[in-house]
Amino acid sequence: IMKALILAAGIGSRLSPLTDYTPKSMVTVNGKPIIFQQIESLLSCGVDDITIAVGYMGKELAVSVKRNFLDANIKIVNNTRYYETNNMYTAHLCKDRFYGKEFIMLNADVFFEKDAISCLCACARDNIIITDVNTYNEESMKVTVDNGRITRISKDVSKSDVYATSIDVYKFSSSASKSFFDKCTDYIIR
């Protein structure tokens with residue numbers, strides 16, 4: 001069973017005023033909240049164990065998701081420190097559910113075509129980052145590549161070195177999930 005972690009704790013200040021009274025994942029695109037599109041995509045690919053890590057307006061988000069996906073196996077984890085922390089801390093709160101397990105992780109404010117998740121699930125590679133090779137975004141994670149392998153992922157990659165920009169949708173193997181959460185723990189406790 002493939003698992004998924006949706007990071008939905010952030011305030012979404014860059015989307016203000018849309019997010020002044022609405023969680024950023026509930027902003028609509030083509031009349032549908034972004035997170036609903038994500039959940040539908042995951043469920044349609046057989047990803048039926050979903051955890052949503054909430055923070056800002058978390059109760060409203062959880063109620064809306066539960067009401068619209070009554071039969072889905074969706075768990076909510078609350079980051080009460082969302083205002084002072086980041087995605088790494090939010091992911092760390094979910095470590096016990098994902099450590100040593102294959103899973104998909106995505107940011108709750110990412111809108112993508114439904115087939116992105118099916119391609120991710122169907123790909124034979126163990127670890128994947130969905131990227132956009134035609135975009136350079138200063139705020140996003142960027143990757144460098146050597147012989148088809150990612151050599152660096154950081155917001156600090158220069159435009160001249162960047163291969164692609166991450167759209168913040170990732171697939172981790174069981175061993176990579178251990179490495180990821182170990183790094184999260186190291187970052188948080190230092």
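- Placement of Ile188 and Tyr83 in two distinct hydrophobic clusters is found when ILVMFWY residues are connected by side-chain heavy-atom separations under 4.5 Å, directly or transitively.
- Using a 4.5 Å cut-off on side-chain heavy atoms (C-beta onward), Met57 and Met26 make no contact.
- The backbone N or O of Ser41 lies less than 3.5 Å from a partner atom in the side chain of Ser44, making a donor-acceptor pair.
- The distance from the CZ atom of Phe112 to the CD atom of Gln37 is 7.0 Å, given to the nearest 0.5 Å.
- In this structure, the side chain of Ser177 engages the main chain of Lys101 through a donor-acceptor pair within 3.5 Å.
- To the nearest 0.5 Å, atoms CD1 (Ile150) and OH (Tyr163) are separated by 9.5 Å.
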Full working for side-chain hydrogen bond (donor to acceptor under 3.5 Å, both in side chains) between Asn127 and Ser173:
CA-CA 6 Å; Asn127 300 295; Ser173 67; 3.2 Å; yes
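- When hydrophobic clusters are built by joining Ile, Leu, Val, Met, Phe, Trp and Tyr residues whose side-chain heavy atoms come closer than 4.5 Å, directly or via intermediates, Met2 is not grouped with Phe181.
- Listed here is the closest heavy atom pair of Leu7 and Thr90: CD2-CG2, 4.0 Å.
- When all heavy atoms of Gln38 and Asp109 are compared, the closest pair comes out as NE2-N, 4.3 Å.
- Using a 4.5 Å heavy-atom cutoff, the side chains of Ile104 and Cys121 are in contact.
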Might you work through the side chain to side chain contact (heavy atoms under 4.5 Å, CB included) test for Val169 and Ile117, ending with a clear yes or no?
CA-CA 9 Å; Val169 179; Ile117 296 296; 4.1 Å; yes
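- When every heavy atom of Ile34 is checked against every heavy atom of Ala108, the shortest pair comes out as CG2-O, 3.4 Å.
- In terms of heavy-atom proximity, Lys183 sits nearest to Met88 at O-SD, 4.4 Å.
- The distance from the SG atom of Cys119 to the NZ atom of Lys171 is 11.0 Å, given to the nearest 0.5 Å.
- Heavy atoms of other residues, nucleotides or ligands lying less than 6.0 angstrom from CG of Asp96 number more than 12.
- Rounded to the nearest 0.5 Å, atoms NE2 (His92) and CG (Asn79) are 10.5 Å apart.
- With hydrogens and angles disregarded, a donor-acceptor distance shorter than 3.5 Å links the side chain of Lys142 to the backbone of Ser140.
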Side chain to side chain contact (heavy atoms under 4.5 Å, CB included) assessment of Tyr99 paired with Asp182
CA-CA 9 Å; Tyr99 190 85; Asp182 288 346; 3.1 Å; yes
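- No continuous path of ILVMFWY side-chain contacts below 4.5 Å connects Ile128 to Val145, so the two sit in separate hydrophobic clusters.
- Counting heavy-atom neighbours within 6.0 Å of Tyr136 OH, excluding the residue itself, gives a total above 12.
- The two atoms that bring Ser118 and Asp115 nearest to each other are OG-O, 2.9 Å, heavy atoms only.
- Side-chain atoms of Thr131 never come within 3.5 Å of backbone atoms of Val133 as a donor-acceptor pair (strictly under, hydrogens ignored).
- Under the 4.5 Å side-chain heavy-atom criterion for ILVMFWY residues, a single connected hydrophobic cluster contains both Val47 and Leu106.
- Of the options Ile52, Thr51, Asn107, a side-chain contact (heavy atoms from CB on, under 4.5 Å) to Ile6 is made by Ile52 and by none of the others.
- Between Phe180 and Phe172, the angle of the ring planes lies from 30° to 60°, which puts this pair in the tilted group.
- Ile167 CD1 to Asn137 CG: the interatomic distance, rounded to the nearest 0.5 Å, is 12.5 Å.
- Nearest heavy-atom pair across Asp156 and Ser154 is N-OG, 2.9 Å.
- In this structure, Ile35 CD1 and Thr28 OG1 are separated by 14.0 Å, a value rounded to the nearest 0.5 Å.
- Transitive grouping of hydrophobic side chains (ILVMFWY, heavy atoms separated by less than 4.5 Å) keeps Val143 and Val110 in distinct clusters.
- In this structure, the side chains of Leu5 and Arg97 stay at 4.5 Å or more apart for every pair of heavy atoms.
- Note that Lys3 lies in the cation-pi zone of Phe98, set by a 6.0 Å cut-off to the ring centre and a 45° limit from the axis.
- For the pair Ile50/Leu43, a side-chain contact is recorded, criterion being any heavy-atom separation below 4.5 Å from C-beta on.
- Judged purely by distance below 3.5 Å, without hydrogens or angles, the side chains of Thr144 and Asp161 never pair a donor atom with an acceptor atom.
- Inspection of the Lys95 and Thr185 side chains reveals an N or O donor paired with an N or O acceptor under 3.5 Å.
- Summarising the local packing, NZ of Lys75 is surrounded by more than 12 heavy atoms from other residues, nucleotides or ligands at distances under 6.0 Å.
- Shown here is Lys66, whose NZ atom has more than 12 heavy atoms of other residues, nucleotides or ligands within 6.0 Å.
- At a cut-off of 3.5 Å, with distance as the only test, no side-chain donor of Tyr89 or Asn87 sits close to an acceptor on the other residue.
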Walk me through it: do Tyr82 and Ile11 pass the test side chain to side chain contact (heavy atoms under 4.5 Å, CB included)?
CA-CA 8 Å; Tyr82 67 88; Ile11 296 169; 4.0 Å; yes
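- For Phe36, the CZ atom sits in a packed shell: over 12 heavy atoms of surrounding residues, nucleotides or ligands are nearer than 6.0 Å.
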